[in-house]
Amino acid sequence: MCQSSVSSLLFSLLMISAFLHSECLQHCETGPDQVRAGYWFSQYDHYSPVSSINASLYTHLYYYSLSLDDATSSAAVTVPPRPGQLPILNTFSSTIKSSNPSLKTLLSIATEDRKNSASNAAFSAMAADPDLRASFISSALALARENAFDGLDLAWQFPSLPSDMTNLGTLLAECRARISKEAQNSSSVLLTVTVYFSNHLFEESTDDLDYPVDVISESVDWVNALCFGYHKNSNATTNNAALFDKASHFSTSYGITSWLDAGIPPCKLVMGVPAYGRSWFLKNKVKNEPGAPVVAAGPRQKMSNQTGTMAYSEIEELLRDPSSEFIYDNQTVISYFHSGGLWVSFDSPEVVEYKIKFARHNRLLGYFLWPISFDDLHHTISRQAFDVWLRNYRSSSYKDDDGLEQAESPLDAPQEDAPTPSAAPSGCTTRRCTNSINNSHLGLYLSLCFLFI
Ligand SMILES: *[C@@H]1O[C@H](CO)[C@@H](O)[C@H](O)[C@H]1NC(C)=O
Ligand SMILES: *[C@@H]1O[C@H](CO)[C@@H](O)[C@H](O)[C@H]1NC(C)=O
Ligand SMILES: *[C@@H]1O[C@H](CO)[C@@H](O)[C@H](O)[C@H]1NC(C)=O
Ligand SMILES: *[C@@H]1O[C@H](CO)[C@@H](O)[C@H](O)[C@H]1NC(C)=O
Ligand SMILES: *[C@@H]1O[C@H](CO)[C@@H](O)[C@H](O)[C@H]1NC(C)=O
Ligand SMILES: *[C@@H]1O[C@H](CO)[C@@H](O)[C@H](O)[C@H]1NC(C)=O
């Protein structure tokens, strides 16, 4: 009796498990098996022209960005008004692909990373209206196709109302439907979304801002999480993009874990790594630890042309000054330097190495660098990420280059005492695409079986 029950039980377990597994694979099998992306910022093209990109370091490059016209009149996508942008948009894909034909390009439609900006309002109005959504989707896809892009990216920074979140989901679903329909006649277009570092938005006027994870996961090829810029208006020195942070939610490990726990399969999640740093003037140059009081944002540098923001290439320059002291902390995985009264938090090659290993360890689809325009002439950051990823990359089975795949590895999870995201795992979309048959279910089945003996 039990023998047949056991075998039919095992058979059904296998079937269920196979079903869940195949559903898992279906989530990702149409997309690329890895993403090593870079965002190229068109606004910095006079410092970092398209011709200076080493296209062999990436699988995907983003043209960042275009923004919306005033959505109340029409939802047409307009190119940036700066003279000279249009020829760059027209030739971006062909220039890139002439040196790496297998590279894919994506056109990013973005809003400014600033609350209450006009571009955020325009995006919000467009996403709320069915006709404007349809018009936006048509014009954005047409613009991407006309300029030989392989995909479209929506980078709304950030939805700030619960209805914005719902509308973003609807927009992505409609975009996917249109792409699938058009794919009957022309080549399919990639669709990605660029999002906050965590699936829940912090520091907003309302506490119920969660991304619609299920519809996002069904609609896009992958999700790019902006894992940096954690402390915008800090009055003390702090980390721009710590991997681990015991004291707050603001860390890359927290954000990535939150997306995975919310149900984005790792094979659809891409982790952001900044190629820029945050700078401050110290109040007292002897007090130069993280958390030290500051008097102002750091100096305006040539490339970013903003106070408090520094390109990696400019940081590297300042580090050559013998008076600057560089610190890498392998516990939180941060780097900073101070020089006189200046204090700068940034991702050094050491940090990039650890983060890329973290991404591989969590079996993420890949990483992206933001922006590659801020890397140095030798592409130090892009090259570091590329080298570490490839050293750790195995398409079928994952094994770390130095054995860090052990469960007790510091790469595995936020450190003890670290805040952990609230989990809502379900079926196939739980972390790492494991299926939902777990030991307690198995125990239940087996004890049922013994009832029949
Ligand atoms: C681009 O990067 C690759 C990989 O590191 C390297 O082999 C190649 O020489 C680089 N090309 C240029 C033009 O720098
Ligand atoms: C595909 O092409 C056919 C024939 O040219 C046309 O009738 C049809 O409307 C097209 N479908 C789409 C989705 O564009
Ligand atoms: C910095 O700001 C926080 C709140 O944003 C405040 O609690 C703290 O006292 C401030 N610290 C200093 C040194 O001004
Ligand atoms: C830098 O910013 C200032 C003010 O924000 C602006 O007037 C100036 O034109 C900018 N410079 C460049 C090179 O973009
Ligand atoms: C981290 O840094 C400490 C102190 O510098 C060192 O003793 C330790 O070996 C480092 N750990 C790792 C994993 O690199
Ligand atoms: C296993 O399933 C039980 C019951 O559904 C659940 O409470 C438990 O958290 C699951 N364990 C894991 C590791 O998923």
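Residues take their numbers from the sequence shown, with the count starting at 1. Ligands are counted one by one from 1 in listed order, and the atoms in each one are counted from 1 as well. Computation of the quantities below employed the complete heavy-atom set of this structure, encompassing side-chain atoms and omitting hydrogens, waters and symmetry-equivalent molecules.
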Query raised in the report: Under 3.5 Å, is there a donor-acceptor pair between the Asp45 and Ser42 side chains?
Result: no

Report task. Would you check if the side chain of Ser373 reaches a backbone N or O of Tyr44 as a donor-acceptor pair within less than 3.5 Å? Result -> no

Query raised in the report: For atom 9 (O) of ligand 4, what is the nearest protein heavy atom, given as residue, atom name and distance?
Result: Asn305 ND2, 4.7 Å

Report task. Among all protein heavy atoms, pick the one closest to atom 5 (O) of ligand 1 and tell me residue, atom and distance. Result -> Arg383 NH1, 2.7 Å

**Report entry** Structural part of Asp387 in contact with ligand 1, heavy atom criterion under 4.0 angstrom
**Finding:** neither

**Report entry** Protein non-hydrogen atom found under 4.0 Å from atom 14 (O) of ligand 1
**Finding:** yes

Query raised in the report: Would you say the side-chain atoms of Ser119 and Thr111 include a donor-acceptor pair closer than 3.5 Å?
Result: no

Query - N or O contact, His46 vs ligand 4, cut-off under 3.5 Å - result: no

Query raised in the report: Hey, are Ser117 and Asn120 close enough side-chain-wise for a donor-acceptor pair under 3.5 Å?
Result: yes

Query raised in the report: Identify the closest protein heavy atom to atom 3 (C) of ligand 1: which residue and atom is it, and at what distance?
Result: Ser56 OG, 3.5 Å

Query - Intermediate values then yes/no, salt bridge (Lys or Arg N to Asp or Glu O under 4.0 Å), Glu353 and Arg391 - result: CA-CA 11 Å; Glu353 173 170 7; Arg391 274 209 314 273; 3.6 Å; yes

**Report entry** atom 7 (O) of ligand 1 within contact range, any protein heavy atom under 4.0 Å
**Finding:** no

Query raised in the report: Going by heavy atoms, is Lys302 under 4.0 Å from ligand 4?
Result: no

Query raised in the report: Which residue holds the protein heavy atom closest to atom 4 (C) of ligand 4, what is that atom called, and what is the gap in Å?
Result: Arg300 NH1, 4.1 Å

Query raised in the report: In a check of ring pair (Phe, Tyr, Trp, His ring centres under 6.0 Å) between Trp40 and each of Tyr64, Phe92, Trp370, which one passes?
Result: Phe92

**Report entry** Short side-chain donor-acceptor distance under 3.5 Å, Tyr58 and Ser382
**Finding:** yes

Report summary line: heavy-atom search around atom 12 (C) of ligand 1 in the protein gives Asn54 ND2, 3.4 Å

